[in-house]
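Just so we're on the same page: letters track the sequence lines, and every chain starts at 1.
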Amino acid sequence: MFRLPIPVFITLTFLFIVGCQAAYARVTPEDIVNAKREIYNQIVQRYSSQSQTKLTQTDKAIAQLNQRATDQLDLNMQTQAAILEEYVRRQGGGISDGIENARYWLTYAHEAVAFQAAKIYIFELSSEKNLNKDVLSTISQVQADLNSLRGKVIKSQKIIQQLVKNQ
Amino acid sequence: MGGLTRGLTIVILLSILIGIGIFLVDRRLNQANNLQLPQAIQGISNIGTSQLSTTPTPKPTPPPIGPDSNLEEELDRLTPADFSAEFEHLRQQL
């Protein structure tokens, strides 16, 4: 049995790691969503038509609620941005740490709103008798995501409020 | 020199093997993403997809903020809506 010299061993390890990265790098978020949807479609076709209708209606309601919420939060962020720009204009256009900090959190929250608006929620089904539990789990997830997002928007708003009050 | 040649040969051979392995794994992953759906699914293809209205709803625009605006008041007026009631309604519908 021959012993591998260390440079060869290091080269092989490096090639193995690069190979794994190359194989897994092709999986995009869209692939993950599509894979989840395939699993969902395969499971749901075994459900009764009543359950399928319930799932369709709830899915539509969740998507509409998510869109409504993100539209409102987006409007909120646009208003915050307009207020911050007006504040900067009144300060003579100068840049300060406070303004930079406010801009950072404003951008952070605004990006989070866009990210949430693009989210697709797919029910993770276990069995037909657990239908309500599976659906409730997704509803809770959506609510938790929107509450977290709301927290980010409020944080950005508070930072701008502090800035404006201290002028 | 003999050891170096042997080492290089092993590296080249194993690189080729790993390359073939990556190619096969990649092909397998692509096949997994192109599943053939059974005919039964064709009639219920809308399930699991986000069905939104195709007619674009006009988005409200933010209030105009100008030199005469009271920035503190405008900020106080901004209250991110809480959708707890709607989620509760959604839960009760189940």
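Nearest heavy-atom pair, A/Val153 versus B/Pro80, reported as atom, atom and distance to 0.1 Å: CG1-CG, 4.0 Å. Looking at every heavy atom in both residues, B/Glu72 comes nearest to A/Val164 through CG-CG1, 3.5 Å. Across every non-hydrogen atom of A/Arg89 and B/Pro67, the tightest pair is NH2-CB, 3.5 Å.
Annotation: the span from B/Phe83 atom CZ to A/Arg68 atom CZ amounts to 6.5 Å, rounded to 0.5 Å. To the nearest 0.5 Å, atoms CD (A/Glu86) and CD1 (B/Ile65) are separated by 8.0 Å. If you take CZ on B/Phe87 and CD1 on A/Ile62, they are separated by 7.5 Å, rounding to the nearest 0.5 Å. The distance from atom NZ of A/Lys165 to atom CG of B/Leu75, rounded to the nearest 0.5 Å, is 8.5 Å. The CG atom of B/Leu90 sits 11.0 Å away from atom CD of A/Gln57, with the distance rounded to the nearest 0.5 Å. Here B/Arg91 contributes atom CZ and A/Ile139 contributes atom CD1; the two are 6.0 Å apart, rounded to the nearest 0.5 Å.
Ranked by non-hydrogen atom pairs under 4.5 Å with chain B, the options A/Asn147, A/Leu84, A/Leu146, A/Val142 are led by A/Val142.
Using a 4.5 Å cut-off between heavy atoms, A/Val33 makes no contact with chain B at all. The part of A/Gln72 that comes within reach of chain B is its side chain, from C-beta onward, which places non-hydrogen atoms under 4.5 angstrom from that chain. Using a 4.5 Å cut-off between heavy atoms, B/Pro64 makes no contact with chain A at all. Contacts of A/Ile160 with chain B are made by both backbone and side-chain atoms, with heavy-atom separations under 4.5 Å. For B/Thr61, the part lying under 4.5 angstrom from a heavy atom of chain A is the backbone only. When heavy atoms are compared at a cutoff of 4.5 Å, B/Thr79 approaches chain A solely by way of its backbone atoms N, CA, C and O. Within the 4.5 angstrom heavy-atom criterion, atoms from both the backbone and the side chain of A/Ile83 approach chain B. At a 4.5 Å heavy-atom cutoff, A/Asn34 makes no contact with chain B through either its backbone or its side chain.
Residues A/Ile120 and A/Phe123 share a single hydrophobic cluster, defined by chaining ILVMFWY side chains whose heavy atoms lie under 4.5 Å apart.
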